[in-house]
Amino acid sequence: MNVKSRIYAEPQPSAGELLAWYDRHHRDLPWRTSPPMAAKGLRANPYHVWLSEVMLQQTTVQAVKPYFLKFLERWPTVIDLARAPTEDVMAAWAGLGYYARARNLKKCAEAVADLHGGIFPDTQEGLQSLPGIGDYTSAAIAAIAFNRQAAVMDGNVERVVSRLYAIDEPLPGAKPLIKARVADLTPAGRPGDFAQAMMDLGATICTPKRPACALCPFNGHCLALRDHDPEQFPVKAAKKAKPVRLGAAFVALDQQNRILLRKRGDKGLLGGMTEVPTTEWTARIDGDDTEASAPLSAHWQPKGVITHVFTHFELRLTVFLAQSIKVQPSGADHGWWEPLINLEAQALPTVMKKVITQAIPEAFAARR
DNA sequence: AACACGGGGGG
DNA sequence: CCCCCAGTGTT
């Protein structure tokens, strides 16, 4: 920045302006200690902050709320979570996505319970040594639960800051530059409120499309607003096309209305989750091979195709149903027969709920 | 540095 | 339909 623009630029944005806005407009969220309460010295519970932050990774506030309340009711402390069966945690997480988070959540709870006496580390370094806690989450917990002056940067903050300074370098390359700006802005007092204020601002005012700049506490300092079009920031690197994968899924019911289920391996896609048997998911499907790869010999009835979009590919599964199967004692490989009435308690990812609903429309509507 | 990893809501 | 989201771990 040259001398002239330094002289004539607007005064720098300050944390105080944002905190004043936050005091008036902050959202009331289940894991949050409101600014008035925080001012009276009530500190947020590190367990609550950690649980919410892990759930909020790449996930919207709206989606997280019910899961957060359910987890807290079922496992009130990190010790309770550490002692819970992993299958229960996976089943409770089902539907939230990114299931490595649930596996790491359990590992992290065990580490805190067994290695730290049930007390979360209170530094960013200590927190980041735990499973599932990276750059963002360690900074967020350190700032929000322990009042540390940590620079919290997520997708919202990247957008706000890239607009504030009209940063034209594309993401993710611009992250170090943005992080430095965030560190400069983060105040020693109320760093947790500042972080949450930045994220609230990004979620409600400085939105990806049609930002409400007229309502923004930073609208006197925003270079993207003054000199450009805020909607053009942040600049992002081009993304690649999604390939399609195909396969078949088999819904088998026995004579007692039980469904054949399997557990997926602990690593990789949908790791540790429950599924119905399927073929491999490949670029092309061999029609003659489909029947042969069914989990057992039966009258397989085609029930249509479901589509599910993952982060990096689109999956189309042809669904087959077989009913009134006589279960052979040593029949299913690695699977088990689960009464349909228990489906709700299984760790079924959304794609598998789609498959089962396609074959048995009333499968998940039966209760209540 | 690039890739793998879910799911849902908004425009 | 496309975009994005309170990112982390692996390679």
Side-chain angles (χ1 to χ4, degrees), chain A residues 26-27 29-32 44 48-68 90 93-105 107-108 127-145 150-160 170-176 179 182 192-204 206-211 231 234 236-243 245 264 266-273 275 307-315 347-354:
Chain A
H26 69 87
R27 294 179 291 173
L29 302 174
W31 47 85
R32 182 174 277 181
H48 298 184
V49 175
W50 164 70
L51 181 60
S52 66
E53 292 300 346
V54 173
M55 288 182 168
L56 286 161
Q57 290 166 10
Q58 294 290 284
T59 308
T60 54
V61 165
Q62 185 72 15
V64 164
K65 274 182 186 172
Y67 283 87
F68 175 80
M90 299 308 291
W93 195 275
L96 253 195
Y98 286 117
Y99 297 98
R101 291 186 296 170
R103 300 194 294 275
N104 286 329
L105 189 81
K107 286 185 200 162
C108 182
L127 288 161
Q128 200 158 337
S129 71
L130 295 166
I133 299 184
D135 260 346
Y136 163 76
T137 306
S138 62
I141 299 174
I144 297 169
V152 177
M153 188 173 77
D154 74 329
N156 288 303
V157 176
E158 285 171 10
R159 186 171 54 256
V160 170
L171 286 171
K175 282 189 179 188
K179 182 77 167 285
V182 176
D193 282 348
F194 175 79
Q196 294 179 94
M198 288 287 278
M199 294 189 280
D200 269 19
L201 188 68
T204 64
C206 195
T207 49
K209 306 279 180 61
R210 297 176 54 91
E231 220 172 278
K236 298 204 171 187
K239 50 190 166 301
K240 343 188 308 184
K242 267 181 203 188
R245 292 188 205 172
R264 295 176 64 87
D266 281 328
K267 302 175 105 172
L269 188 71
L270 305 177
M273 301 298 284
E275 66 176 3
T307 297
H308 189 78
V309 181
F310 291 96
T311 308
H312 51 297
F313 67 94
E314 175 182 324
L315 176 65
L348 288 165
T350 296
V351 62
M352 289 300 150
K353 291 188 175 177
K354 282 187 192 173

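The chains referred to below are lettered A, B, ... by the order of the sequence lines, with proteins before strands, and numbering in each begins at 1.
Residue A/V61 places its side chain closer to C/dA6 than to any other of B/dC5, C/dC5, C/dA6. Among the nucleotides C/dT8, B/dG6, B/dC3, the one closest to the side chain of A/K240 is B/dC3. Counting only heavy atoms from C-beta on, A/D135 has its side chain closest to C/dT8 among C/dA6, C/dT8, C/dC3. In the set C/dC3, C/dA6, B/dG7, the nucleotide with an atom closest to the side chain of A/P349 is B/dG7. For A/V351, the side-chain atoms get nearest to B/dG7 when compared with the rest of B/dC5, C/dT8, B/dG7.
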Carefully, step by step, assess A/I133 and A/W50 under the rule side chain to side chain contact (heavy atoms under 4.5 Å, CB included). CA-CA 9 Å; A/I133 299 184; A/W50 164 70; 3.6 Å; yes
Between A/L51 and A/Y67, is the side chain to side chain contact (heavy atoms under 4.5 Å, CB included) condition met? List the steps. CA-CA 10 Å; A/L51 181 60; A/Y67 283 87; over 6 Å; no
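Scanning atom types as modelled, one donor and one acceptor separated by under 3.5 angstrom connect the side chain of A/Y98 and the base of B/dG6.
No engagement by A/W93 is indicated, since no non-hydrogen atom pair under 4.0 Å with the nucleic acid exists. A/L96 comes within 4.0 angstrom of a base, heavy atoms only. When heavy atoms are screened at a 4.0 angstrom cut-off, A/L201 is found touching no nucleic acid atom at all. Residue contacts shown for A/K267 are absent, as no nucleic acid heavy atom lies under 4.0 Å away. Within 4.0 Å (heavy atoms only), A/G268 reaches sugar-phosphate atoms of the nucleic acid but no base atom. Residue A/F310 is classed as a sugar-phosphate contact, given heavy-atom separations below 4.0 Å to backbone atoms only.
Nearest heavy-atom pair across A/A347 and A/M273 is O-CE, 3.3 Å. Across every non-hydrogen atom of A/P234 and A/R159, the tightest pair is CD-CG, 3.7 Å. Considering all non-hydrogen atoms of both residues, A/E231 and A/R210 come closest at OE1-N, 2.9 Å. Residues A/K65 and A/L29 approach most closely at CE-CD2, 3.8 Å, considering heavy atoms. Across all non-hydrogen atoms, the minimal contact from A/A151 to A/V182 is CB-CG1, 4.0 Å.
Side-chain contact, A/T137 with A/Q57: a donor N or O sits under 3.5 Å from an acceptor N or O.
Taking atom CD of residue A/Q196 and atom P of nucleotide C/dA6, one finds them 13 Å apart after rounding to whole Å. One atom, CD of A/E231, and another, P of C/dC2, lie 18 Å apart when rounded to the nearest Å. Between the P atom of B/dG6 and the CD atom of A/E275 lies a distance of 13 Å, rounded to the nearest Å. Rounded to an integer number of Å, the gap from CE of A/M198 to P of C/dC5 is 14 Å. Distance, A/M153 CE to C/dA6 C1': 12 Å, rounded to whole Å. Following rounding to the nearest Å, A/K239 (NZ) and B/dA2 (C1') show an atom-to-atom distance of 16 Å. The CG atom of A/N104 sits 14 Å away from the C1' atom of B/dA4 (whole-angstrom rounding). Atom CE in A/M199 sits roughly 8 Å away from atom P in C/dG7 (whole-Å rounding).
Distance CG/A/D154 to CE/A/M198: 9.0 Å, rounded to 0.5 Å.
The separation of C/dC3 from B/dG6, taken at their C1' atoms, amounts to 15 Å, rounded to a whole angstrom. B/dG11 sits 14 Å from C/dA6 when the P atoms are compared, rounded to a whole Å. Across C/dC4 and B/dC5, the matching C1' atoms stand 16 Å from one another, rounded to whole Å. The same atom, C1', is picked in B/dG7 and in C/dT10; the two are 22 Å apart, to the nearest Å.
Among residue pairs with one or both ends in residues 192-204 of chain A, those qualifying as salt bridge (Lys or Arg N to Asp or Glu O under 4.0 Å) are A/R27-A/D200, A/R32-A/D200, A/R190-A/D193; sequence neighbours excluded.
With respect to A/E314 and A/K242, no salt bridge is recorded, no charged nitrogen being found less than 4.0 Å from a carboxylate O.
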What nitrogen or oxygen pairs link the protein and nucleotides 8-11 of chain B at under 3.5 Å?
none

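Here the two rings, on A/F310 and A/H308, have centers that are under 6.0 Å apart.
Remark: A/T137 is in phosphate contact with C/dT8, judged by side-chain N or O atoms under 4.0 Å from OP1 or OP2. Residue A/Q57 places none of its side-chain N or O atoms closer than 4.0 Å to OP1 or OP2 of C/dG7. Phosphate contact (OP1/OP2 of B/dC5, side-chain N/O of A/H312, threshold under 4.0 Å): present. A close approach under 4.0 Å does not occur between any side-chain nitrogen or oxygen of A/R103 and OP1 or OP2 of C/dG9.
Remark: DNA chain B forms stems of 3 or more consecutive Watson-Crick or G-U wobble pairs, all pair distances under 3.5 Å, at B:1-5 with C:7-11, B:7-11 with C:1-5.
Annotation: of the two residues near DNA chain C, A/D200 and A/G132, the 5′-most nearest-nucleotide partner is A/D200.
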